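In this text, all values refer to a predicted model and were calculated from it rather than measured experimentally.
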Protein chains: 4
Amino acid sequence: MNRGRPRSEEARQAILKTALEMCMRDGYPQLTIKALADEAGVGRQTVYRWWDEKSAIVVEALIDLRERELPERFQETGDTLVDVEQLLATTYELTHEYTGKALVGLMADAQSDAGLSDRLQETVIGPRRDALRDILGHGVETGQLRENVPLPLVVDFAFGTMWYRMLSRHAPVDRELARDITDAIAIMLAV
Amino acid sequence: MNRGRPRSEEARQAILKTALEMCMRDGYPQLTIKALADEAGVGRQTVYRWWDEKSAIVVEALIDLRERELPERFQETGDTLVDVEQLLATTYELTHEYTGKALVGLMADAQSDAGLSDRLQETVIGPRRDALRDILGHGVETGQLRENVPLPLVVDFAFGTMWYRMLSRHAPVDRELARDITDAIAIMLAV
Amino acid sequence: MNRGRPRSEEARQAILKTALEMCMRDGYPQLTIKALADEAGVGRQTVYRWWDEKSAIVVEALIDLRERELPERFQETGDTLVDVEQLLATTYELTHEYTGKALVGLMADAQSDAGLSDRLQETVIGPRRDALRDILGHGVETGQLRENVPLPLVVDFAFGTMWYRMLSRHAPVDRELARDITDAIAIMLAV
Amino acid sequence: MNRGRPRSEEARQAILKTALEMCMRDGYPQLTIKALADEAGVGRQTVYRWWDEKSAIVVEALIDLRERELPERFQETGDTLVDVEQLLATTYELTHEYTGKALVGLMADAQSDAGLSDRLQETVIGPRRDALRDILGHGVETGQLRENVPLPLVVDFAFGTMWYRMLSRHAPVDRELARDITDAIAIMLAV
DNA sequence: CCGTAATCGAGACGGTACGTCAAGTCTTATA
DNA sequence: TATAAGACTTGACGTACCGTCTCGATTACGG
């Protein structure tokens, strides 16, 4: 049976919230477990008891954030190009403002951590790709877009540009980019 | 007038070579100054004398590699689409095989290091973009490609997809991608 | 209220014991924090957490030793000359055999460290001087020694000779010296 | 035959002078070869070419100083007690003001360097002892002092007190001490 | 309502890499 | 050949964080 003191939800929230804040403020590499525990007002052991490594903390924090933020920002309309632009605008904004540094750090860590790579694929990369692809696929089905175009490459275009700009900062990641990409997709997929 | 013992070119080469090797083998975060010095058979102080931080070492190593490898792999033909595919194929291969992990690590570090970000822009990101844009621009000038298409976005497409795939590993970065991207560009820029 | 994991008395003892051993064996200058930590089987940080500098470690080790060794070796008899000789013999032996190199090193360090100088005065030099002076003073009070002799200079004689010989090694510091010095004091202070 | 550039006497003097200055100013342990060479405006190799270790430099500097200073400060009179006091006063002053820190440092180093210990005995400790002993011996011969007193112990008294006070700083080493010690010797050796 | 047991914050533990400093050696051009 | 300059390898310095441990104090549940 359940015995002993139950896990403190308060501590969990404080850790996740502080982790994201520190990522945004100082950058992912500067987020250390020690600093995180201190700033969250939590014992270091409490962190290690529930998470193996700092990437796991940040991933969980990102999922929590997504579940809170995405639904209330994005509603499909059925008009493919409108939905695409809306999805991209929402994704770009959320990623750029709140989770950019954290995600780049996670991706970098994943380069030498296959498990983390898979987890990111399942929880962050994949769902986003699926969402965009579903919209585009629906557009093809309803005749709004033409067939015989490799949709994965179109998805790569939309998200690849975002990542590329976030990494190299040669151009902004904003609402205007969402429109430009949508326009380009419209041309490529014009019936 | 007296200039003292000259810098050891041997040590410099050993450090740069070892740095790239360790990046490829173990990953950028696992490349520590101590391990690098030990494996290069060099005093730790010799590393610190010439470079401020490990990112500077890796950047210099990448530049050296590029100067050695790029010229002998890529020759322009004048046929825009051929040149584009050749440039992308060469860039994809070199980046994916030799410098991928190093570049991802550098980009991640650059998220919280403006100086490094600028240096990467000047030495790695910018030149690549310029090379592709020049080829595309020449294609427009010679009438091989149509006008009125935002070339920067096309460049984002080509390199963004590469970065996106290198980061998330959802699809390969290879010669086939170079052909697919070139095909897509051909469609977007068909006269 | 919560005080965390308590300090490890085991580690403390290992550090102090090893410090004295290394001083005796290798000499005070050769006692490095790193070597001390390694030989004591202790993390380096554990040393730095509790002591500012190596002199502080050695001083504490000397105090601990003195508290263990002195009481069981020296008991006053009331006969001034006997007590003097016994105190000197004990001090000479303990100093020469166990703590000589350590004390000389500390004294040398104290030349450019006023704080250390004061601490040595309080914990090592002063108490020794007081002990001898008390015995001599008692001898004067009880009429065993004559008055009107500057006792501090007599104390300087007894301990100065010890230090001088320990430093320059031109003659031994042993039981015979204790007798010779006591004889000389007997002549100087004969009633 | 002699070939090549001759040794620079200028450099030698600069090194010895600077070594003593730095000892007095910063203390013997703070005198590093690097800092010495820099402050003397001399190449580091020039130091290592002529001296094995820093103690050798300081010993040579002390000998040079003694040869310059002692003769012009001390002239024997034939009156034993006057000569004793004059010798002690001169020695105390010179040692305390100019060479104290250097000598303490050397003595400390000599604790784990038998060669240095011997060299100090020959060049610094021994000659001083001999000088005082000669004066006392002459006093005995001429009947100014009584026989049957162990002169070495008297010498230990005079110089031991000086060292003891220099080390522990519990009392000054000055002209007054020279008089007090001379008075005590006068009592001990009264005919 | 009392004991058992898992949690909590705190902080010491043995490690490892950091970036700095000086050691003693070497290699250059100049004198 | 000696010199000033300064790069070389080496190793200790003192610091920061790692991941583990041990403490008293805090909460739940089951007997």
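Not a single side chain to side chain contact (heavy atoms under 4.5 Å, CB included) links B:R5 to another residue, sequence neighbours left out. Every residue meeting the side chain to side chain contact (heavy atoms under 4.5 Å, CB included) condition with A:S117, not counting sequence neighbours, appears here in chain and number order: A:A110, B:R169. Residues passing the side chain to side chain contact (heavy atoms under 4.5 Å, CB included) test with A:E122 are A:D118, sequence neighbours excluded. Applying the salt bridge (Lys or Arg N to Asp or Glu O under 4.0 Å) test to C:E9 and every residue at least two apart in sequence or in another chain returns C:R12. Take B:A61 and apply the side chain to side chain contact (heavy atoms under 4.5 Å, CB included) test, not counting sequence neighbours, and it matches B:L16, B:L20. With sequence neighbours excluded, the residues forming a side-chain hydrogen bond (donor to acceptor under 3.5 Å, both in side chains) with D:S112 are C:Q30, listed by chain and number.
Going from atom CD of A:E39 over to atom C1' of E:dG9 covers 17 Å, rounded to whole Å. In this entry the distance linking CD of A:E9 with P of E:dT7 reads 15 Å, nearest Å. The distance from atom OH of D:Y28 to atom C1' of E:dA22 is 15 Å, rounded to the nearest whole Å. The separation between D:I15 atom CD1 and F:dA4 atom C1' is 11 Å, rounded to whole Å. The CG atom of D:D38 sits 10 Å away from the P atom of E:dA23 (whole-angstrom rounding).
Note on residues 26-46 of chain D: pairs passing salt bridge (Lys or Arg N to Asp or Glu O under 4.0 Å), not counting sequence neighbours, are D:R25-D:E39, D:K34-D:D38. Within the structure, the salt bridge (Lys or Arg N to Asp or Glu O under 4.0 Å) test picks out the following pairs touching residues 14-23 of chain D (sequence neighbours left out): D:K17-D:E21. Within the structure, salt bridge (Lys or Arg N to Asp or Glu O under 4.0 Å) pairs that include any residue of residues 100-116 of chain D do not occur (at least two apart or interchain).
Judged by distance alone, with hydrogens and angles left aside, the side-chain atoms of D:T32 form a donor-acceptor pair with the main-chain N or O of D:A35 at under 3.5 Å. In this structure a side-chain-to-backbone donor-acceptor pair under 3.5 Å is missing from D:K54 to D:A19.
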Point to revise | Base versus backbone protein contacts along nucleotides 9-14 of chain F [heavy-atom cut-off under 4.0 Å; B, S, -] | key: BB-BBB
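Taken residue by residue, residues 18-26 of chain D places no heavy atom nearer than 4.0 Å to DNA chain E.
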Please tabulate, one pair per line, each protein N/O and nucleotide N/O from nucleotides 3-5 of chain E that are separated by under 3.5 Å, including the distance.
| residue | atom | partner | partner atom | Å |
| --- | --- | --- | --- | --- |
| E:dT4 | O2 | A:R3 | NH1 | 3.3 |

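Residue order along DNA chain F, read from the 5' end via each residue's closest nucleotide, puts D:A40 first among B:R7 and D:A40.
Across all strands, B:W50 comes closer than 4.0 Å only to sugar-phosphate atoms, never to a base (heavy-atom distances).
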